[in-house]
Amino acid sequence: MSADSNTSATQAPGPVTGDDVAQAVELAVTALRPALDADWDVPAGSLEWTCWETGEHLADDLFWYAARIGSLRPSTDDREPLGWSRRRPEGPANTITADPEAGPAGLLQVLVSCGGLLAAVTRVTPASARAHHVFGVSDPEGFAAMGVVETLLHAHDLTRGLGVADFAPPADLCDRSLRRLFPDAPDDAAPWPALLWLTGRGDLPGRDRVGKWRWYGAPRAT
């Protein structure tokens, strides 16, 4: 195994930052632009949601992460009284949506805007801030890592559904968020295949396919 395929085998990855969020969103948008004329009403990879719904869900996640940790008074309560709606009963519940008349290009612009919000918020929010997430109260770095993981995984789902080139983000970007959110991540696998396996989207030799999964957003011990 080469050193490039397993960052954690040589050195601990650095912290996850707003720059990582921005990079992940830019990579996703770049990968999806060739599919602007594709049918976005097809399922996103193995998900039950359509590609359009998945894109809105991703933008909504990025917005929510920014709103929770970037609040002037971040709360560890589970309630954030923002309104939401579903386009159909089986679809995601979103606060943020895109105007369908703007087409996929408009949806990608919404994604860029929400990604920019989270990137900016996590760059300037004090590291001592804490806010609620269903997978555990977290800090700015944790919310940045969640944004990176959500973006990379849903870019994978979308590129599969839309039939564009396989999405393969850089190992170092994957590894920082992988080690931040998945403390039991395998050390003998490259970061991107490990992330896909941990979230039920891929296989690793000698390991069973993952069904139910979660990450752990608790701040790092100091």
Spacing of [atom1] belonging to [X] relative to [atom2] belonging to [Y], to within rounding of 0.5 Å:
X    : Y    : atom1 : atom2 : answer
D60  : F63  : CG    : CZ    : 7.5 Å
D37  : L162 : CG    : CG    : 11.5 Å
W52  : T97  : CH2   : OG1   : 9.0 Å
R214 : L181 : CZ    : CG    : 10.5 Å
L118 : R68  : CG    : CZ    : 14.0 Å
L32  : L107 : CG    : CG    : 8.5 Å

(message) Between S177 and L173, is the side-chain contact (heavy atoms from CB on, under 4.5 Å) condition met? List the steps.
(response) CA-CA 7 Å; S177 292; L173 176 64; 5.8 Å; no
Between [X] (side chain) and [Y] (backbone), is there a donor-acceptor pair under 3.5 Å?
X    : Y    : answer
D157 : G45  : no
E56  : A98  : yes
R201 : L198 : no
R176 : C174 : no
W40  : E53  : no
S71  : A67  : no
T95  : G83  : yes

I'd like to check [X] versus [Y] (side-chain heavy atoms, cut-off strictly below 4.5 Å). Are they in contact?
X    : Y    : result
Q23  : T17  : no
F167 : L158 : no
P140 : V121 : no
L196 : D203 : no
L108 : L36  : yes

Honestly curious: do [X] and [Y] fall in one hydrophobic cluster under the side-chain, below-4.5 Å linking rule?
X    : Y    : value
W84  : L111 : no
L117 : V29  : no
V137 : M146 : no
L152 : Y216 : no
V124 : V16  : no

(message) Using 30° and 60° as the class boundaries, would you call the ring planes of W215 and F182 parallel, tilted or perpendicular?
(response) perpendicular
State, to 0.1 Å, how close [X] and [Y] come at their nearest heavy-atom pair, and which atoms those are.
X    : Y    : value
R180 : A145 : CG-CB, 3.8 Å
I69  : T125 : O-CG2, 3.5 Å
R88  : E48  : NH2-O, 3.3 Å
A165 : T159 : O-CB, 3.7 Å
L47  : P43  : O-CB, 3.7 Å
R130 : P74  : O-CB, 3.3 Å

(message) Closer than 4.0 angstrom, basic N to acidic O: yes or no for R123 and D19?
(response) yes
(request) Using a cut-off of 6.0 Å, state whether more than 12 heavy atoms not belonging to E80 lie near its atom CD. (result) yes
(message) Is it the case that atom CG in D208 sees more than 12 heavy atoms from other parts of the structure closer than 6.0 Å?
(response) no
(message) Would T151 and V21 count as a side-chain contact (heavy atoms from CB on, under 4.5 Å) here? Give the steps.
(response) CA-CA 8 Å; T151 300; V21 176; 5.8 Å; no
(request) Please lay out, stage by stage, how W64 and I96 fare under the test side-chain contact (heavy atoms from CB on, under 4.5 Å). (result) CA-CA 9 Å; W64 268 89; I96 298 297; 5.8 Å; no
(message) One pair to check against side-chain contact (heavy atoms from CB on, under 4.5 Å): H133 and Y65. What are the steps and the verdict?
(response) CA-CA 9 Å; H133 185 273; Y65 296 164; 3.8 Å; yes
